[in-house]
2 protein chains.
Amino acid sequence: MARRSDHSRDELREMALNAAEDIVAKEGYFALSTRRVATAIGYTVGTLYLVFRNFDDLILQINARTLDALSARLARAEGEPEGVARVLALGRAYLGFATERPRLWRMVFEHRMAAGAPLPDWYGEKVARLFGVVENALRPVLQDRPDPELMTAARVIWSGVHGICLLEVTERLEAVGSPPGAALVESLIVQYLRGLRASA
Amino acid sequence: MARRSDHSRDELREMALNAAEDIVAKEGYFALSTRRVATAIGYTVGTLYLVFRNFDDLILQINARTLDALSARLARAEGEPEGVARVLALGRAYLGFATERPRLWRMVFEHRMAAGAPLPDWYGEKVARLFGVVENALRPVLQDRPDPELMTAARVIWSGVHGICLLEVTERLEAVGSPPGAALVESLIVQYLRGLRASA
DNA sequence: ACCTGAACACCGTTCAAGT
DNA sequence: ACCTGAACACCGTTCAAGT
């Protein structure tokens, strides 16, 4: 052993991320470990540290891919006609993504950096881009409104849809005997926007 | 050693839960371990297993206390005059609780049972009771509406407020340059209810 | 240069053995 | 009866040593 060079650094990285994604998708965040990923790709743990800074970094890289996939999904909703319909399509797309990949989606929001370590800039930028998509869809709906109100509305709808997805994905909705998430997303967006447009 | 009987089972339980709460409150979910709790109360790990079924059970017991504290906090908001004001008070109380005890609050929603093990009944009942508080506050506001609509509204508002708390507590709001959570909670509740009442 | 294998300091959980 | 202490099978991380 030692000095195998069966795979380039990039290939190693790709293999590790795929294996890790697989574990999370099938068994969830807490089943993920460096040792399992190493075994899955046929290397020892030590090798992973040649490719990732540490476990946090590995998780962050998976989350980055999840965020990119989510972006791609939301981009499809941007084909909808401008207006409330497009905002609704975004909400449904978000819910669809969350319910189809519940474990990867949850990891994005549950992972916490080791105390003190801030999220890297490129990560914050990916999140900001998602907010931007919602703001853009909202602009035509609230075109006569001041900018801060648009920002507030985008965040209310975003976090509202996010909260609904969470309760749906963690099965806290059905536990309490509830309409399906899609109905809640629709009610939230339609009524909230109606209220906003009806107000002064 | 062995056979100390310095403390009754109940005292042991109480001491362990207090120590564990302290660790979570100060350092978060991931700093919690059976060994740390044991050390903090001056016993060995083995002793904890005389009082808790396992680590999951210990966490569940802490979460139960957090849910009770949350219930108590929301109960105070029930003193507000009936109507939108009371719903708003509930939303603010929820946000207040989440921001004051961010780490304990998060643990309630992030903890997952070991694969397959369902949440115990008494736990589901505590959550259902919280939903009930929101439904009750909403009833006078939507008194002319059919029951399913009330349920939907309660869940939309609950998960919306929850989502706002999450983004606030995990600092994903300020990262993206946002109005404070309280403004979002108010916008959500006021405009959503306005929309609902304006509709047919 | 690349990768291993063993070490270190941790985990949750169990249970024979001591008092 | 009550609690310990050691064991077991795991962790993340590091790094001297092998090829």
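Just so it is clear: chains get the letters A, B, ... in the order the sequence lines come, proteins before strands, and each one is counted from 1.
- Within the structure, no pair that satisfies the side chain to side chain donor-acceptor pair (under 3.5 Å) test touches residues 78-91 of chain A, not counting sequence neighbours.
- In this structure, Glu11(A) atom CD and dC2(C) atom P are separated by 13 Å, rounded to whole Å.
- For Tyr49(B), counting side-chain heavy atoms from C-beta on, the closest listed nucleotide (dC3(C), dC3(D), dT13(C)) is dT13(C).
- Under 4.0 Å is where a charged nitrogen must lie from a carboxylate oxygen, and between Glu135(B) and Arg155(B) at least one such pair does.
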**Request:** Return one dot-bracket line describing DNA chain D 5' to 3' (Watson-Crick or G-U wobble pairs, both distances under 3.5 Å; ( ) same strand, [ ] crossing, | another strand, . none).
**Result:** ||.|||||...|||||.||

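- When ring centroids are compared, Trp158(B) and Phe131(B) come within the 6.0 Å threshold.
- Protein atom CG of Leu50(A) is 16 Å distant from nucleotide atom P of dG12(D), rounded to whole Å.
- Cluster membership check: Leu104(B) does not share its hydrophobic cluster with Leu119(B), using side-chain heavy-atom separations under 4.5 Å among Ile, Leu, Val, Met, Phe, Trp and Tyr.
- The CG atom of Asp6(A) sits 8 Å away from the P atom of dC3(C) (whole-angstrom rounding).
- Between Phe52(B) atom CZ and dT14(C) atom P the separation is 15 Å, expressed in whole Å.
- The CZ atom of Phe30(B) sits 13 Å away from the P atom of dG12(D) (whole-angstrom rounding).
- Each of dT13(D), dC3(C), dC3(D) was ranked by its minimum atom distance to the side chain of Thr47(A); first place goes to dC3(C).
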Identify each atom pair where a protein N or O and an N or O of nucleotides 7-11 of chain C are less than 3.5 Å apart, giving names and distance.
{"unit_1": "dA7(C)", "atom_1": "N6", "unit_2": "Arg35(A)", "atom_2": "NH2", "d": "3.4"}
{"unit_1": "dC11(C)", "atom_1": "OP1", "unit_2": "Ser33(B)", "atom_2": "OG", "d": "3.4"}

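- To the nearest angstrom, C1' of dC2(C) lies 10 Å from CZ of Arg4(A).
- Between Arg53(B) and dT14(C) there is no side-chain N or O to OP1 or OP2 distance below 4.0 Å.
- Taking only side-chain atoms of Asn54(B), from C-beta outward, the nucleotide of dT4(D), dT13(C), dT4(C) with the closest atom is dT13(C).
- Each of Val37(A), Leu12(A), Asp57(A) was compared with Leu48(A) under the side chain to side chain contact (heavy atoms under 4.5 Å, CB included) criterion, and only Val37(A) meets it.
- Here the CG-CD distance, from Asn63(B) to Glu21(B), works out to 9.5 Å after rounding to the nearest 0.5 Å.
- Rounding to whole angstrom units, CG of residue Leu48(A) and C1' of dG5(C) are separated by 15 Å.
- Between Tyr43(A) atom OH and dG5(C) atom P the separation is 13 Å, expressed in whole Å.
- Between Ser71(A) and Leu130(A) the shortest side-chain heavy-atom distance falls below 4.5 Å.
- Ion pairing of Glu186(A) with Arg92(A) is present here, as a side-chain N (NZ or NE/NH1/NH2) and a carboxylate O approach within less than 4.0 Å.
- Annotation: the span from Lys126(A) atom NZ to Leu67(A) atom CG amounts to 7.0 Å, rounded to 0.5 Å.
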